[in-house]
Amino acid sequence: MNKKNELPAWDLSDLYKGIKDPQIQKDLAEYKKKAADFAKKYKGKLADMDAKKIYAALTEYEHLDTMSTILGEFAYLNMCTQMKNGEAMVFYQNTAEALTEYAKPLVFFTLEINQLPDKKVKEWLKDEKVGFYKPWFERVLRFKKHELSEEVEEVLLEKSVTSSAAWVRLYEEQSSRLKFTIDGKEYNDAEISKLLQDKDAKVREKAGKELNRVSKENSPLFTFIYNMVIKDKSIEDNKRKYKKPVSERNLSENVSDDVVDALANTVKENYKNISHRFYKLKAKWLGVDKIEYWDRNAPLPFSADLHYSWEEAVKTVLNAYKEFSPELYETALPFFENAWIDVPPRDGKRSGAFAAGTSSVKHPYLLLNFVGKQNDVLTLAHELGHGCHMRLRQKNGDLNETSRMTSEEVASVFGEMITFQSMLRSIKDDKTKLCLIASKVNDMINTAFRQIAFHFFESKAHEERKNGELSEQRLADIWVEVQKDVLGPCVNVDENSAYIWLQVGHFFFLPFYVYAYSFADCLVNSLYQVSQDGSVKDFPKKYLQMLEKTAITDYDKLLKPFGLNPNDPKFWNMGLKLISGYIDELEKLDKKVFGK
């Protein structure tokens, strides 16, 4: 594998040349002036405006949204690779505060639209140009009954930088500073997580216990942060009269509370048949009656210790994308022809991986922490799926593209699936095939099952927080409870993993996001089965057309060309059935390779 300093890093100069770029201050000043001018021009006048005037207002509003997005994303991306750089952190915070302050005059716009008679909006939408923004109008109108007065909305917006956003920043800063020491060597969180995939059980044990030890040591601060995140959310939820803590997220996703409950409960009902059954097999392969928590993602002892160079990983993923669809391949190629990906793990860099869309007029960026594991190849496939998805949707504009997280994960999970299937087809040896399928099932359980366990953790924490602040011990107890449920009797969950909950960043910066992974995994599994049974002609073409419309079309319409109905409870079981089928295959391969 290439040395760290040879791996590609992104170049943010397509946004700004650096934090000292004078264009930043010019753009901030322009944004401030245009936002104020927008309010003077349109506030209190929407009811008397015809389609031509509202279209002009929408294009101006969208331009402001684009300016804000580019400024904000540059500050965030610049920070993500150097979270120990005080200047970068200050720049990010100052930019966020300025954008929040300057956006206050714009608060009236959606509030005033929601105060208009429905017939007025319908009249506007008859115009072809205004009709382009129909998805945006529909999203605005969904929140109508939850909106507060303009004065209160301005206060909430202004205070967000010192409340929710501030707690998230503190969480991310403190997380990036955590240090883990094993045998005298120091690791950051991204590096120690990779050790959990080491073939040596002693290395995994040391890494798992050290991860939990450092988490426990820092749990007083992180527990306080999490309590504040939940309380801050509950205050606003109560003001806006949301039924449950998860309801705001569901409304953003345009799915009902009942649909999410059905998903979560269906997955839970399958814990025993899928998750528990798999870990029983894995315990056998690892030669133990019960595996330790940190061994969940362990490679099998008889698996080849595969190591991918960056070039090999790129070739593997791009070949899979091209095999599925030449158009998808062409969409993916620019990420590697340009400096759009930050690849190596390094000190002070944000852990994990993500894709960031900076606006419809700029290209997306991908962040990885690549060390050459097989899982890193599938992570590249995942994030590249996000990136391609973002590129395919750019023609929808920025206002229409406040996408749903449930659909946001579809292209990424599908990207993983086609890469996995491509790798699987190239394997002839049964033992190697068993190892690859087991690794994929491991990941699918992490995506579809553990994320639902995370959802139950959040639900319990937010519900109990209504009665007062939660202690470190109580959060640890909830974590152990939900992990035991999902992992089953063949995985040991105890005090040596009780504090790992604070490593789940989504709990802090995107409450109730986690179920989106399971939603998308089940959806993708169903889509993939349709792609294989030949029932849909030109599947790749229709799939890419679906991706173009995920943010602007309801699920029932999106999935109709594939004969799928997400409102049918059987839909979720169909997706889970694919995972169950893989475990059936693993059981057969196990007998074939190892006998009894």
Side-chain angles (χ1 to χ4, degrees), residues 170-227 229 275 279 282-283 286 288-299 345 347 350-352 369 371 373 375 442 445-446 449-451 453-458 460-461 470-509 514:
L170 180 60
Y171 170 77
E172 292 196 317
E173 282 189 26
Q174 293 302 311
S175 296
S176 71
R177 292 191 177 109
L178 295 181
K179 287 296 176 186
F180 307 88
T181 305
I182 299 176
D183 296 334
K185 185 177 179 180
E186 199 172 75
Y187 298 86
N188 61 33
D189 57 349
E191 292 168 334
I192 196 169
S193 294
K194 299 297 182 183
L195 294 182
L196 297 176
Q197 298 172 40
D198 197 279
K199 263 202 163 183
D200 190 331
K202 291 181 179 179
V203 172
R204 297 195 302 270
E205 180 178 359
K206 289 178 181 178
K209 287 183 175 179
E210 176 67 358
L211 193 62
N212 188 69
R213 184 194 69 78
V214 173
S215 296
K216 183 177 182 179
E217 188 177 275
N218 288 272
S219 63
L221 174 59
F222 285 98
T223 296
F224 180 71
I225 294 173
Y226 193 45
N227 270 286
V229 167
S275 179
Y279 287 120
K282 189 155 190 177
L286 292 175
V288 295
D289 293 328
K290 201 168 187 177
I291 66 176
E292 297 297 334
Y293 183 84
W294 48 79
D295 287 331
R296 292 173 302 99
N297 298 321
D347 192 34
R350 183 190 186 278
S351 64
N369 279 281
V371 296
K373 298 286 188 181
N375 183 259
N442 210 114
I445 288 173
N446 284 338
F449 284 79
R450 287 192 74 239
Q451 297 294 339
F454 292 173
H455 171 75
F456 284 123
F457 173 87
E458 283 190 286
K460 285 177 177 287
L470 297 173
S471 68
E472 300 163 46
Q473 187 60 53
R474 181 55 192 149
L475 287 169
D477 288 345
I478 296 173
W479 176 257
V480 168
E481 178 188 334
V482 299
Q483 291 302 302
K484 282 184 174 180
D485 280 351
V486 69
L487 301 177
C490 291
V491 180
N492 188 33
V493 183
D494 57 19
E495 68 277 1
N496 286 314
S497 57
Y499 293 86
I500 302 299
W501 67 267
L502 59 83
Q503 297 287 331
V504 185
H506 288 114
F507 292 160
F508 296 83
F509 52 76
V514 289

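Here the structure is a predicted model, which means the values were calculated and not measured. All values below come from the heavy atoms of this structure, side chains included, with hydrogens, waters and symmetry mates left out.
For Ile192 against Leu211, the heavy-atom pair with the smallest separation is CG2-CD1, 3.7 Å. Leu470 and Ala461 make their closest contact through CD1-O, 3.4 Å (heavy atoms, listed as atom of the first residue, atom of the second, distance). Minimum interatomic distance between Lys290 and Val491 (heavy atoms only, all atoms of both residues): CE-O, 3.6 Å. Taking every heavy atom of both residues into account, Asn212 and Ala498 meet most closely at OD1-N, 3.2 Å. When every heavy atom of Glu205 is checked against every heavy atom of Trp294, the shortest pair comes out as CA-NE1, 3.3 Å.
In this structure the side chain of Asp494 never reaches within 4.5 angstrom of the side chain of Val480, judged on heavy atoms. For the pair Ile182 and Tyr187, the minimum side-chain heavy-atom distance is below 4.5 Å. Looking at heavy atoms from C-beta onward, Phe456 lies out of side-chain contact with Ile478 at the 4.5 angstrom threshold. Contact check for Lys206 versus Asp183: side-chain heavy atoms found under the 4.5 Å cut-off. Using a 4.5 Å heavy-atom cutoff, the side chains of Tyr279 and Ile445 are in contact. Looking only at side-chain heavy atoms (C-beta outward), Lys179 and Asn188 come within less than 4.5 Å of each other. In this structure the side chain of Asp295 never reaches within 4.5 angstrom of the side chain of Val288, judged on heavy atoms.
Atom CH2 of Trp501 sits about 11.0 Å away from atom CD of Glu458, to the nearest 0.5 Å. Ser219 contributes atom OG, which lies 11.5 Å from atom CD1 of Ile225 (distance to the nearest 0.5 angstrom). Atom CG of Leu502 and atom CZ of Phe507 lie 10.0 Å apart (nearest 0.5 Å). To the nearest 0.5 Å, atoms CD (Gln473) and CD (Glu495) are separated by 10.0 Å. Taken from CG in Leu475 to NZ in Lys460, the straight-line distance is 12.5 Å, to the nearest 0.5 Å. Thr181 OG1 to Glu210 CD: the interatomic distance, rounded to the nearest 0.5 Å, is 5.5 Å.
Not a single salt bridge (Lys or Arg N to Asp or Glu O under 4.0 Å) links Lys484 to another residue, sequence neighbours left out. Scored by the salt bridge (Lys or Arg N to Asp or Glu O under 4.0 Å) test, Glu292 finds no partners at all (sequence neighbours excluded). With sequence neighbours excluded, the residues forming a side chain to side chain contact (heavy atoms under 4.5 Å, CB included) with Gln483 are Tyr293, Arg450, Ala453, Phe454, Trp479, Val486, Leu487, Val493, listed by chain and number. Arg474 pairs by the salt bridge (Lys or Arg N to Asp or Glu O under 4.0 Å) definition with Glu464, not counting sequence neighbours. Every residue meeting the side chain to side chain contact (heavy atoms under 4.5 Å, CB included) condition with Ser175, not counting sequence neighbours, appears here in chain and number order: Tyr171, Phe222.
Pairs of residues two or more places apart, or lying in two chains, that qualify as side chain to side chain donor-acceptor pair (under 3.5 Å) and include a residue from residues 192-202 are Lys194-Asp376.
Counting only distance, with no hydrogens or angles, the side chain of Thr223 and the backbone of Pro220 share no donor-acceptor pair below 3.5 Å.
A side-chain N or O of Asn297 and one of Asn446 form a donor-acceptor pair less than 3.5 Å apart.
More than 12 heavy atoms of other residues, nucleotides or ligands sit less than 6.0 Å from atom CG of Asp477.
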